[in-house]
Amino acid sequence: MTDSLLQTSANASSAAHAAADPLRAEVREVVQGISKALRAHLLYEGKSPSLDKFMELLAARMGQLWEHVPHLTLTVEERELHWKGAAVFQSDERDNLAFLLYRDGVREVTLRRGFEEEELQQMVEILAHSHQVRGADEDDLLTIFWEKDWLCFRYRYVEALPDGVHLPDAVAGGARTVAAPRAEAEQAPRATLSTDDFREALYFLDQTELNRLAAEVQAEMRRDLWTGVLTALFDRLQDGTHARQEQVMEVLGDAIPTLLGAARVDLAAYVLGEMVSVATTSKLAPGVLRGVRALFAQLAEPATVAELVRTVEEAGDAVRDEDLSTLLSFFPPEALGPLLHAAESSGSHRVRASVQGAAERLGDANREHLVRLLGEADATLVTGAARLVGRLRVQTAAGEVTRLLSRPEAPVRLAAVETLQEIRSPSAAGALEGALEDADREVRVAAARALGTMRYAPARAKLEAALDSKRLRDSELSERIAFFEAYGGVAGAEGVPVLDRVLNGKSWLGRRESGETRACAALGLGRIRHPAAEKALNAAAADADPVVRSAVGRALRGMRQ
C-alpha cells in the first residue's frame, strides 16, 4: 500500500508539472484539436461551414506550434497519445483517435511543419472513413498511409496480429446520471402575471380570439418588410410615369448592392427576376431600360463577383445554395471570366460548387467565348476555363488546350492535362506524351494517369523507358505508382514480362528491387486483366515484405471485381 501511495503521489506531481509546462499544454491543445476535428467530421459528414472554420483554426494553431518545436512525435497507445513520455491525449471511447491508429498497427506518428496545409484535412477524412467503414475488402490505415506518401507525415508500425488473435475491446467509461426526485423535477417558477388574472374583466377575449390574436402577432413578427417594400416599388415601376419609373429604377439599383452586402441573396435574386419580368412584359422608358442593362452589366464586373463570393463565404449557412444558384442564373455571359476566377480562388466548397454551376451554364451557351478565355494572361482564369472546357468536352478547343502545356504556370499545365484527358482526341493523347517529362511532378503524374486511363498504346515505349530511368527511381512514391499503373494500362498483356521481372526477378547477384518499387510493379500488374498478370501476382502473394504483400493483395482484389 505504501508503494501504491508513493506512485499515486508521483503521478500527481508529474501531472501538475505537465500542466505547468506551457509548451506541453500547447501540444495537448493541438492533439485534442485533431480528435475534435475527427468527431466534427463524423457529426457533419464532412460537409459544413462550421467544420471548415474549425479546420482553419486548428491549422492556424498547429502553425503556431512550429514556432516552438521543429516536429511533433507522438507515441500511440490503445487509449492514449504520448509526447516526450507523458500523455497529451486520453479517451475511454470505443473508437477514439488513439485506438483507430493503434488498431491497425501504428505505434508512432511524426508531424512536421506544413502538415496543416493539406495533409491534416486528408488525415481527418481517412480516419473518419476508417471509423465508419471497416470490412474485409477495405484497406487498413497502413496501406492508405503508404499510398499517400505524405511529405510532412511519417509513422512507425508493427506487423498485423495473426489470424484468430484480437485486440481487447476498449471499455467505455462515463459517470452514471442520477435522476432528480420527481417532486423537484416538476417544480417550475410561477409567473407573477398571466391572462388568468384578467378573465373576470367585462370585455376579456375568449380562447378562440386569444389564439387568433397570438397567431396574427406571430405572423406580423415574421413578416419580411423587404418583400413588401420591393413589391410596392415594382408596382410603381409598371404603373408610374416615365419620371416615376426612372426614380424607382434608381432606388432598385441602389438596393442590389445593399442586399448583397447584407447577405440577402434571396431578395437580390427576387429583384433581378422581377426586373427581367417587367422589362420583357411592360413598356418602360428608354432611360429605365438603359438603367436595367447597366445594372446587369455591373454584375459581370470582377469586383462585383469577388465581393459577392466574399459575402457568401462569411455568411455561411445563412445563405441557401438554391438562392445563390438563382441569383447567379441572372448573370450575363460577360460574367463568365470573373465567375471562373472566383470558382478557382474561393475557399468555400459550397460557394465553388454554385459558382461553377453558373459558369457551366454560361460556358455551355457561349462556347466560343469560353475558348477565347484560354488565351487570357490571368493564370487563375485560364485554369478555370481549361477545366470547364474539359467538363463540357469541347472538342474544338483541343488545339488551344494543347498550347497551354507550354505556359510557365504549373497549375495551368496541370489543368490542361486533365482537360486533354476529358477531350480524348488523338491529338490530345499525343500531347500528353510530352507532359510525361514536365518540370512539375503533379503534371507528370497527371499525364501518366491520363495516358493509362485512355490506354493510349503509342505511349508504351515512352512509359517503359521511364520505368528504368534514374529520374523515376529517385522520384516520390506517388509518381512511381502513377507511371507503373499507366504502363500496365497501356501495355496490356505485352507488359507482363517487364512488370513480372521487377516484382519477382533477381539480379545475377541475387538482389531484388526495393520493396516500394516491387509494390509499384504489383499495382501495375493489377491494371492488366490477364491470366499471366494474375500468375505473376500470385507468385509474390506470400512475400516477406509487408508493403509488397499489401500491394499484391490490392491488385488481386481489383482484378477479381
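Nothing fancy with the numbering, it's 1 onward along the sequence.
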Does [X] reach the main-chain N or O of [Y] with its side chain, forming a donor-acceptor pair under 3.5 Å?
X: Glu360; Y: Leu388; value: no
X: Ser475; Y: Leu472; value: yes
X: Ser346; Y: Ala343; value: no
X: Arg407; Y: Arg413; value: no
X: Ser348; Y: Glu313; value: no
X: Asn366; Y: His369; value: no
X: Ser277; Y: Glu274; value: no
X: Arg350; Y: Gly316; value: yes
X: Thr402; Y: Ala398; value: yes
X: Glu479; Y: Arg441; value: no

Could you report the tightest heavy-atom contact between [X] and [Y], atom names first, then the distance?
X: Ala410; Y: Val443; result: O-CG2, 3.9 Å
X: Ala446; Y: Leu414; result: CB-CD1, 3.5 Å
X: Thr280; Y: Val276; result: OG1-O, 2.8 Å
X: Leu58; Y: Ala37; result: CD2-CB, 4.0 Å
X: Ala358; Y: Leu328; result: CB-CB, 3.5 Å
X: Thr311; Y: Gly261; result: CG2-O, 4.2 Å

- Task: Please step through side chain to side chain contact (heavy atoms under 4.5 Å, CB included) for the pair Phe115 and Gln122, ending with a clear verdict.
- Result: CA-CA 10 Å; Phe115 174 77; Gln122 298 174 8; over 6 Å; no
Quick one: pull up [atom1] in [X] and [atom2] in [Y] and give me the separation to the nearest 0.5 Å.
X: Leu420; Y: Met454; atom1: CG; atom2: CE; value: 8.0 Å
X: Arg424; Y: Arg393; atom1: CZ; atom2: CZ; value: 6.5 Å
X: Arg293; Y: Leu289; atom1: CZ; atom2: CG; value: 5.5 Å
X: Glu119; Y: Trp150; atom1: CD; atom2: CH2; value: 6.5 Å
X: Arg112; Y: Leu151; atom1: CZ; atom2: CG; value: 11.0 Å
X: Tyr456; Y: Leu451; atom1: OH; atom2: CG; value: 8.5 Å

- Message: Between Glu125 and Gln121, is there a side-chain donor-acceptor contact under 3.5 Å, judged purely by atom types and distance?
- Response: yes
- Message: Is it the case that the side chains of Arg449 and Thr453 hold a donor-acceptor pair, with the cut-off being a distance below 3.5 Å and no angle test?
- Response: no
Could you tell me whether [X] atom [atom1] has more than 12 heavy atoms of other residues or ligands within 6.0 Å of it?
X: Glu250; atom1: CD; answer: no
X: Glu216; atom1: CD; answer: yes
X: Glu118; atom1: CD; answer: no

Under a 4.5 Å cut-off applied to non-hydrogen side-chain atoms, are [X] and [Y] in contact?
X: Ile423; Y: Val389; value: yes
X: Glu29; Y: Gln64; value: no
X: Gln356; Y: Arg387; value: no
X: Met55; Y: Leu120; value: yes
X: Lys462; Y: Glu437; value: yes
X: Leu111; Y: Val30; value: no
X: Asp438; Y: Val417; value: no
X: Val278; Y: Val292; value: no

- Query: Do Arg212 and Glu209 sit within salt-bridge range, that is, some charged N less than 4.0 Å from a carboxylate O?
  - Reply: no
- Query: Is it true that Arg320 and Asp266 make a salt bridge, defined as a side-chain N closer than 4.0 Å to a carboxylate O?
  - Reply: no
- Query: Leu38 and Leu100: side chain to side chain contact (heavy atoms under 4.5 Å, CB included), yes or no, with the steps?
  - Reply: CA-CA 11 Å; Leu38 173 61; Leu100 291 175; 3.7 Å; yes
- For Leu51 and His41, what are the C-alpha separation, side-chain angles and deciding distance, and is it a side chain to side chain contact (heavy atoms under 4.5 Å, CB included)? CA-CA 7 Å; Leu51 175 59; His41 193 287; 4.0 Å; yes
- Item | Test log, rule side chain to side chain contact (heavy atoms under 4.5 Å, CB included), inputs Leu340 and Leu370 | CA-CA 10 Å; Leu340 288 172; Leu370 171 61; 4.1 Å; yes
